[in-house]
Amino acid sequence: MSAQLIDGKAFAEGLRHKVAALAAAFEGKAGRKAGLAVVLVGEDPASQVYVRSKGKQTVACGMASFEYKLPVTASEEELLALVEQLNNDRSVDGILVQLPLPAHLDEQKVIATIDPDKDVDGFHVINAGRLAVGQPGFVPCTPLGCLMLLKDRLGDLSGLDAVVIGRSNIVGKPMAQLLVAESCTVTVAHSRTKDLPAVVHRADIVVAAVGRPEMVKADWIKPGATVIDVGINRLPPEPGQDKGRLVGDVDFTGVREVAGAITPVPGGVGPMTIAVLLRNALVAAYRNEGLELDPDAL
Ligand code: NDP
């Protein structure tokens with residue numbers, strides 16, 4: 001029987017509605033809108049599309065969007081000065097510096113300059129540390145979005161076997177931390193893992209964050225497992241087409257015949273990332289104003 005589809009697009013829309021309602025309540029209490037600042041350096045086309053989409057969705061949720069565009073030639077001093085200025089601006093609750101940065105700029109240094117309480121991407125080492133020790137902070141948007149989809153589908157995750165494929169700071173590691181905090185038994189697999197199919201086969205939950213098109217095959221999956229596909233890969237174009245198809249890290253057609261539930265690509269994890277960013281920005285706003293926010297409200 002075919003797996004149930006986990007509809008990230010619909011879930012993200014629901015989350016944005018909740019954010020919008022709480023953003024209106026915030027404005028009533030604080031006398032200002034919650035504000036998210038996005039900094040883009042250079043003219044990478046994919047980053048431009050992404051930043052535009054963030055700006056639109058921020059405004060649609062009733063928050064203020066501040067966009068800063070620096071030329072590709074911007075110096076590190078200029079960028080760090082802008083980040084400092086945003087750190088000190090009380091109308092800005094969240095700061096996101098769009099990655100990747102041009103090669104002459106040190107990403108780690110830039111991230112380290114963002115006030116951890118405005119670091120809505122959750123990339124600052126302070127927030128990575130808070131996640132590791134279970135203190136409230138900001139969690140990277142993509143893995144938090146995956147966790148929301150998993151809890152929505154499975155309810156209590158405690159005791160489940162989870163395999164996360166990938167150990168990046170942005171997806172794999174925080175995903176593993178989140179699943180540990182939910183009392184899963186977690187294995188983190190990576191490029192050096194021996195017999196990956198056998199490792200994946202024992203999992204009730206598989207999160208694939210690798211960046212290799214359709215790598216995870218049907219015979220790796222335990223029947224009934226829940227599969228979250230983070231990968232976004234563009235295949236080479238077919239003859240006569242100018243763009244190739246977007247696929248995940250999971251062989252969707254095969255795996256959906258074995259899994260209990262699966263996220264499609266596109267329309268699964270992808271739409272969650274910006275919705276969770278807006279959620280994080282709103283949480284930052286409530287915290288920055290010292291206002292209570294029910295942790296279960298979002
Ligand atoms: P990285 O390239 O930073 O990390 C990839 C990870 O996969 C590494 O840990 C690497 O292992 C591991 N890996 C590589 N090859 C293999 C292999 N053959 N077997 C097992 N593990 C392997 O990628 P990201 O974490 O940034 O992103 C992963 C994917 O998710 C990409 O497709 C990206 O586009 C997508 N993505 C999607 C987002 C969304 O919004 N939906 C957001 C962010 C990313 P090692 O550490 O040993 O090198």
Side-chain angles (χ1 to χ4, degrees), residues 6-13 15-16 38 44-47 49-54 57 96-101 107-108 111 120-123 128 131 138-150 162-179 186-203 206-217 219-221 227-236 244-252 255 262-280:
I6 299 175
D7 188 345
K9 202 169 163 200
F11 192 97
E13 196 181 328
L15 180 57
R16 285 198 305 271
V38 178
D44 176 66
S47 293
V49 171
Y50 200 46
V51 165
R52 214 174 303 133
S53 179
K54 279 175 192 163
Q57 292 190 36
L96 180 148
V97 178
Q98 183 66 40
L99 303 179
L101 289 172
E107 281 185 3
Q108 286 311 317
I111 292 168
V120 285
D121 248 345
F123 293 163
L131 174 61
F138 292 106
V139 176
C141 302
T142 302
L144 184 53
C146 294
L147 184 74
M148 287 177 179
L149 295 178
L150 281 167
V163 171
V164 179
I165 320 175
R167 56 174 164 179
S168 72
N169 291 334
I170 293 172
V171 190
K173 278 186 207 156
M175 187 75 243
Q177 302 271 16
L178 286 168
L179 291 167
V186 182
T187 304
V188 181
H190 43 75
S191 66
R192 306 288 180 91
T193 298
K194 285 183 190 151
D195 199 357
L196 185 59
V199 171
V200 171
H201 202 263
R202 60 174 190 250
V206 180
V207 180
V210 185
R212 288 181 180 258
E214 300 175 321
M215 184 186 84
V216 177
K217 303 298 182 201
D219 60 355
W220 299 18
I221 301 295
V227 179
I228 304 289
D229 190 353
V230 182
I232 302 177
N233 311 288
R234 195 169 288 283
L235 294 178
R245 228 164 27 97
L246 270 189
V247 297
D249 292 339
V250 174
D251 173 15
F252 181 81
V255 169
I262 185 168
T263 56
V265 176
V269 174
M272 290 298 291
T273 299
I274 296 184
V276 175
L277 172 72
L278 301 174
R279 178 243 176 234
N280 281 357

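For ligands, and for the atoms within them, numbers begin at 1 and follow the listed sequence.
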Quick check: closest heavy atoms across Asn280 and Phe138, and the distance to 0.1 Å? O-CE2, 3.4 Å
What protein heavy atom sits nearest atom 42 (C) of ligand 1, and how far off is it? Thr142 OG1, 3.3 Å
Could you tell me, atom by atom, which parts of ligand 1 come under 4.0 Å of a heavy atom of Val269? 41 (N)
I need the nearest protein heavy-atom contact for atom 15 (N) of ligand 1: residue, atom name and distance, please. Arg212 NE, 2.9 Å
Could you walk me through whether Val265 and Val247 satisfy the side chain to side chain contact (heavy atoms under 4.5 Å, CB included) test, starting with their C-alpha distance in whole Å, then the side-chain angles of each, then the deciding distance to 0.1 Å, before giving a yes or no? CA-CA 6 Å; Val265 176; Val247 297; 5.7 Å; no
Considering non-hydrogen atoms of the protein only, which is the closest contact for atom 25 (O) of ligand 1, and what is the distance? Ser168 OG, 2.6 Å
Could you walk me through whether Asp249 and Asn233 pass the side chain to side chain contact (heavy atoms under 4.5 Å, CB included) check? CA-CA 7 Å; Asp249 292 339; Asn233 311 288; 2.9 Å; yes
Among Leu277, Val171, Thr273, which one has a heavy atom closest to atom 44 (C) of ligand 1? Val171
Nearest neighbour of atom 47 (O) of ligand 1 from the list Ser191, Cys141, Cys146, on a heavy-atom basis: Ser191
Looking only at protein heavy atoms, which one is nearest to atom 34 (O) of ligand 1, and what is the separation? Ile232 O, 3.5 Å
Ile170, portion touching ligand 1 at heavy-atom distance under 4.0 Å: neither
How far is atom 8 (C) of ligand 1 from its nearest protein heavy atom, and which residue and atom is that? Arg167 N, 4.0 Å
Taking only heavy atoms of Gly166, which atoms of ligand 1 are found under 4.0 Å from at least one of them? 6 (C), 7 (O), 9 (O)
Residue Asn233 vicinity, atoms of ligand 1 by number, heavy atom under 4.0 Å: 32 (O)
Please list, in number order, the atoms of ligand 1 under 4.0 Å from a heavy atom of Gly270. 41 (N)
Heavy atoms of other groups near Lys217 NZ, more than 12 under 6.0 Å: yes
Who's the nearest protein heavy-atom neighbour of atom 21 (N) of ligand 1, and how far? His190 C, 3.1 Å
Side-chain (Thr263) to main-chain (Ile228) donor-acceptor, under 3.5 angstrom: no
Close side-chain approach of Leu196 and Met215, heavy atoms under 4.5 Å: yes
Only one of Thr193, Val206, Ile165 passes side chain to side chain contact (heavy atoms under 4.5 Å, CB included) with Val199; say which it is. Thr193
Looking at every non-hydrogen atom in both residues, tell me the closest pair between Pro100 and Glu107 and how far apart they are. CA-OE2, 3.3 Å
Looking only at non-hydrogen atoms, find the nearest pair between Val276 and Gly145 and report the distance. CG2-CA, 3.7 Å
Just distances here: any N/O of Arg192 and N/O of ligand 1 closer than 3.5 Å? no
List the steps, then state whether side chain to side chain contact (heavy atoms under 4.5 Å, CB included) holds for Val250 with Ile262. CA-CA 10 Å; Val250 174; Ile262 185 168; 4.1 Å; yes
Are any of the side-chain heavy atoms of Tyr50 and Thr273 separated by less than 4.5 Å? yes
Would you check the N or O atoms of Ile165, main chain and side chain alike, for any that come under 3.5 Å of an N or O of ligand 1? no
Does Met215 come within less than 4.0 angstrom of ligand 1, counting non-hydrogen atoms of the residue? yes
Does Gly172 have a non-hydrogen atom less than 4.0 Å from ligand 1? no
Distance-minimising heavy-atom pair for Leu149 and Gly268: CD1-O, 4.3 Å
Where the side chain of Arg234 meets the backbone of Gly244, is there a donor-acceptor pair that is under 3.5 Å apart? yes
Around atom 29 (C) of ligand 1, find the nearest protein heavy atom and jot down its residue, atom name and distance. Gly211 N, 3.7 Å
Any idea which protein heavy atom is nearest atom 2 (O) of ligand 1, and the distance to it? Val210 O, 4.3 Å
Check each heavy atom of Val230 against ligand 1 and say whether those closer than 4.0 Å belong to the side chain, the backbone, both or neither. both
Applying a strict 4.0 Å limit to heavy atoms, is Ala209 in contact with ligand 1? yes
